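Data block below; observations after.
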Number of protein chains: 2
Amino acid sequence: MHALSDPVRISIVAELRKAEEGLNCVETTGRLKFSMPKSTCSQHYRILRESGIIHSERRGVEMTSKVRRKELDSRFPGLLDAILKAWRREHGE
Amino acid sequence: MHALSDPVRISIVAELRKAEEGLNCVETTGRLKFSMPKSTCSQHYRILRESGIIHSERRGVEMTSKVRRKELDSRFPGLLDAILKAWRREHGE
DNA sequence: TCTATTGTTCGGTATTTGTGAACAATAGAA
DNA sequence: TTCTATTGTTCACAAATACCGAACAATAGA
């Protein structure tokens, strides 16, 4: 819950869900409306990773991350969808 | 989201949902597994109130609070239920 | 080996949160 | 009324957390 409560992190998760093949930090930063240094981006990814929301995998020089949809849905059915739905309702799109 | 991400506040909301007639700070503190000073409790209630999750009303010397179920469900359908369900799954009961 | 690119770690700073003490508000008894 | 007990809020400071730049690590390609 703490991991998903931060506005930056929920934005990241929303972008990751739209990208089938996953995203890395630089790509993510480019798609968000606000910018942030890469160290901050790295921290947010670490929190998302350690809380089990995303899975990251090294591909050459970059780290590609994806949302762990199956694991999340089986453990907390409907939770991520409800949160993302609420977030979209507040933040347009 | 921020209001509901704190473990103390989600516990308070869970207790409020169980109590039909609402609860005040002192009663709430007594029902939770951990204790906290009343100033802290007051702050958490304020955050829940300002984020629109609860409604508080003075009854004599005490402030009785209730979850705004209808308003929340119409604005964010299923959100509170999903979050509370996930919380219970993690924190027993 | 050298360079470019991506991401992590570390340390200091800034922001946020928790807490005790003082204060405000109300009710009831003296 | 005045005094006391109870509940909750506000304020200021301490503690915890988050942000960010700089240095470092890892990988790929020239």
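Below, chains carry the letters A, B, ... as their sequence lines are ordered, and counting in each starts from 1. Here the structure is a predicted model, which is why all the values come from computation and not from measurement. For the numbers below, each heavy atom of this structure counts, side chains included, while hydrogens, waters and symmetry mates do not.
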Let me confirm one number: the CD1-CD distance from A/Ile10 to A/Glu15, rounded to the nearest 0.5 Å.
11.5 Å
Rounded to whole angstroms, how far apart are CG on B/Asp6 and P on D/dA16?
16 Å
Considering residues, nucleotides and ligands other than B/Lys85, do more than 12 of their heavy atoms fall under 6.0 Å from its NZ?
no
Atom-pair distance (CD on B/Glu62; P on C/dA27), nearest Å:
11 Å
To the nearest Å, how far apart are B/Met63 CE and C/dA25 P?
13 Å
So, OP1 or OP2 of C/dT17: does either fall under 4.0 Å of a side-chain N or O from B/His44?
no
Please name the nucleotide paired to D/dT27 by Watson-Crick or G-U wobble geometry with both distances under 3.5 Å, or report none.
C/dA4
Measure CG/A/Leu48 against C1'/D/dA18 and give the value in whole Å, please.
15 Å
When you measure from the side-chain N and O atoms of A/Ser39 to the phosphate of D/dG21, is any distance below 4.0 Å, counting only OP1 and OP2?
no
Rounded to whole Å, please give me the gap between CG in B/Asn24 and P in D/dA5.
19 Å
Taking only side-chain N and O atoms of B/Arg9, does any of them lie within less than 4.0 angstrom of OP1 or OP2 on C/dG18?
no
Distance, rounded to the nearest Å, where B/Arg58 contributes CZ and C/dA24 contributes P:
14 Å
Within this structure, what is the CG-CG distance for the pair A/Asp81 and B/Leu79, rounded to the nearest 0.5 Å?
11.5 Å
Please determine whether a side-chain nitrogen or oxygen atom of A/Arg49 lies at a distance below 4.0 Å from atom OP1 or OP2 of C/dG7.
no
Test side chain to side chain donor-acceptor pair (under 3.5 Å), reference B/Ser56, set B/Arg49, B/Lys66, B/Arg46, output is B/Arg49
Can you tell me if A/His2 touches the phosphate of D/dA18, counting only side-chain N or O atoms and a distance under 4.0 Å to OP1 or OP2?
yes
Do any side-chain nitrogens or oxygens of B/Ser42 fall under 4.0 Å of OP1 or OP2 in D/dT9?
yes
Using atom CZ of B/Arg46 as one end and atom P of C/dG18 as the other, report the distance to the nearest whole Å.
11 Å
